[in-house]
Amino acid sequence: MKAVDNSTETPLNTMVQAGIGADLAWVSGPVEAAFSAMVNGPVAPAVPAATIGERLSRIDLSAGEGLQSAIGEAAALMADGDLLSAHARCFGYFNPTPAWPGVLADLLSAVRNPQLCVVSHAPASVMMERKLIAWLNEALGFPASATGHFTSGGSEANATGLQVALARLFPGYDTDGAQALPGPARIYASADSHLAWIKLARAAGLGRNAVSLIPTDGGGRLDPDALRGAIAADRAAGAVPVMIAATAGTTNAGMIDPLHACADIAVETGLHLHVDAAWAGALIVDETRRPLLDGIERADSVTVDAHKWLAVPMGAGMVFVRDAEALSRAFAVTTSYMPAGDGVDAYVTSYQWSRRFIGLRLWMTLRTIGVAGYRAMFDRQFALADALRDGLVMRGWHIRNASRLPVVLFEDPGGRDSAALAAWLEADRQTWLGHVAFEGRPALRACITSYLTGPDDIEVLLDRLDAARAAVQPASR
Ligand SMILES: Cc1ncc(COP(=O)(O)O)c(C=O)c1O
């Protein structure tokens, strides 16, 4: 065997031996600058994407420049070129400012890099995640026999719900896939649901046509009568209804579908009920607000993203599943190259195989601030949303959605185009808003899900909206 000289070190070994203390000093500068920019700086990027592209074209990826240069370069590119979607005055996204304990958790798990695919490799980490999932299942109102796991995000969690539905209802699905169904599958979601369902239906081999978008009731909530009618009509036409995908907290407007009615229909028709509570599901940790999600406990599976309203770094979704056996059926596989596990290891119960310690981000945040910390955050955000609604009405804007959650849809009754107003605000760089279509008409959309957002930020938003209205001409009618 060829001897390997012990003194031959790679640059990566040298870096560790030099001690990470020095490295952290270089790193903490850009990290602190990023946090500070999220309160003090502009929201929208200063440098056009084309200029960033030119800067990137001059970088030779084959040549290492050392850590200090690499972190400085990456931080500068991101600072100059990216929208600060986690900014206190970015009202456009549900990817709020990550809490510091979750960022540290990410660093710790990245360094230790435990492998969570089998319990025997990382019993502590796996058991920490399982404890967290069991605690959240209880908060959700699921029985102790329910299961769940962390995912890359809401889309993977929803995809898991669909796989569980198919495995539960069609015994041949695990061997024959969609061919085990006696006809074309149907999944029902409201017209205002998150349309990842279309991608997920395609990926499951069911096709785009499997997704039946049920009309809403005029206020952004799924219409249960229309749902009942669609299921009956599909059955009569030879299609195979599989799953109702209700939304608790629509992306557009924060509306909560009638969960009890959906659960009743699922029972009547024998369908699987999945509730996509990707962002509003965070409220399960706050028992004072848990009633807003009443009925979610009747679901067969539920999606909640920790990386949305629970303020942990992105790539942290969760799926909760009532029927643990069906989850195993959907993902079971055996192979000799995997070490012995306990039968419910992540690699046999989920999409991912090698799996990072995603749950540590939520574990650390909860262990730092507890439920009381989250409740204080929700208290503030609900109050800020009320202040925004009041301020908008006082200044003559028209509120469009009747959500009790901190997402506010509004329009200019004077006929100014919502997209033009949003574009003006983006160019202004001080605030950032979404614009959406709600019940067939455009609207501006502001969600308040960053813990950094305070009363001053709401004042800035109201002020900039006034300026936008003064600058943008009403569309001719
Ligand atoms: C209701 C809802 N479901 C699913 C998703 C998709 O989640 P992710 O982006 O984490 O995959 C989103 C994203 O905003 C959402 O709002």
Side-chain angles (χ1 to χ4, degrees), residues 83 85-86 90-98 102 106 140 148-163 165 187-204 211 213-214 216 220-222 243-259 262 273-284 292-293 296 299 301-320 350-352 356 358-359 361-362 381 401 403 405-409 432-438 445-450:
L83 175 77
S85 54
C90 184
F91 299 98
Y93 280 114
F94 294 129
N95 82 269
T97 322
D106 227 12
L140 192 58
H149 54 260
F150 280 85
T151 63
S152 57
S155 300
E156 185 192 329
N158 283 344
T160 305
L162 176 57
Q163 290 301 317
I187 302 162
Y188 303 90
S190 95
D192 221 19
S193 63
H194 192 276
L195 290 190
W197 289 118
I198 291 173
K199 297 201 297 181
L200 304 183
R202 284 198 196 107
V211 181
L213 293 178
I214 304 298
T216 46
R221 294 164 20 117
L222 179 144
M243 178 168 102
I244 301 167
T247 310
T250 55
T251 314
N252 254 357
M255 302 312 298
I256 297 175
D257 285 341
L259 300 180
C262 289
L273 175 63
H274 180 85
V275 176
D276 177 0
W279 73 273
L283 296 179
I284 62 173
L292 287 169
L293 303 172
I296 199 171
S301 50
V302 173
T303 289
V304 180
D305 269 349
H307 69 208
K308 291 196 167 76
W309 209 1
L310 290 168
V312 311
M314 260 207 271
M318 296 178 283
V319 63
F320 302 95
S350 71
Y351 271 100
Q352 299 183 42
R356 74 172 298 169
I358 303 169
R361 300 169 199 169
L362 182 57
Q381 291 164 338
N401 64 332
S403 177
L405 307 178
V407 52
V408 186
L409 296 195
W432 202 88
L433 282 188
H435 62 93
V436 298
F438 180 64
R445 173 182 173 285
C447 60
I448 300 163
T449 47
S450 165

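All values below were derived from every heavy atom in this structure, side-chain atoms included, with hydrogens, water molecules and symmetry-related copies excluded. Start at 1 and go down the list; that is how both ligands and their atoms are numbered.
- Counting only distance, with no hydrogens or angles, the side chain of Asn401 and the backbone of Leu409 share a donor-acceptor pair below 3.5 Å.
- Nearest to atom 16 (O) of ligand 1 among the protein's heavy atoms is Thr251 OG1, 2.8 Å.
- Looking at atom 12 (C) of ligand 1, its nearest protein heavy atom turns out to be His194 CD2, 3.2 Å.
- Short contacts between ligand 1 and Ala278, defined as distances under 4.0 Å to a heavy atom of the residue, involve ligand atoms 1 (C), 2 (C), 3 (N), 4 (C), 15 (C).
- Asp276 OD2, 2.6 Å is the protein heavy atom nearest to atom 3 (N) of ligand 1.
- No heavy atom of Glu156 sits closer than 4.0 Å to any atom of ligand 1.
- Comparing Cys447, Gly154, Ala157 against atom 10 (O) of ligand 1, the shortest heavy-atom distance belongs to Gly154.
- No hydrogens or angles considered: nothing links the side chains of Ser190 and Thr216 as a donor-acceptor pair under 3.5 Å.
- Atom numbering of ligand 1 starts at 1 in the shown order; those under 4.0 Å from a heavy atom of His307 are 10 (O).
- Taking the side chain as every heavy atom from C-beta outward, Glu156 and Gln352 approach each other to under 4.5 Å.
- More than 12 heavy atoms of other shown residues, nucleotides or ligands fall within 6.0 angstrom of atom OH in Tyr351.
- Between His194 and Trp279, the ring centre distance reaches or exceeds 6.0 Å.
- Counting only heavy atoms of the protein, atom 14 (O) of ligand 1 lies nearest to Lys308 CE, 3.1 Å.
- A distance of 10.0 Å separates CD1 in Ile448 from CH2 in Trp309, rounded to the nearest 0.5 Å.
- Between Trp279 and ligand 1, not a single N/O pair is under 3.5 Å apart.
- Proximity of Met314 to ligand 1 is not established, as no heavy-atom distance is less than 4.0 Å.
- Each of Thr160, Thr151, Thr247, Asn158 was scored for a side-chain hydrogen bond (donor to acceptor under 3.5 Å, both in side chains) with Thr303, with one residue passing: Asn158.
- Using a 4.5 Å heavy-atom threshold, the side chains of Ile256 and Leu405 count as touching.
- Checked against a 3.5 angstrom limit, the closest N/O atoms of Asp305 and ligand 1 fall inside it.
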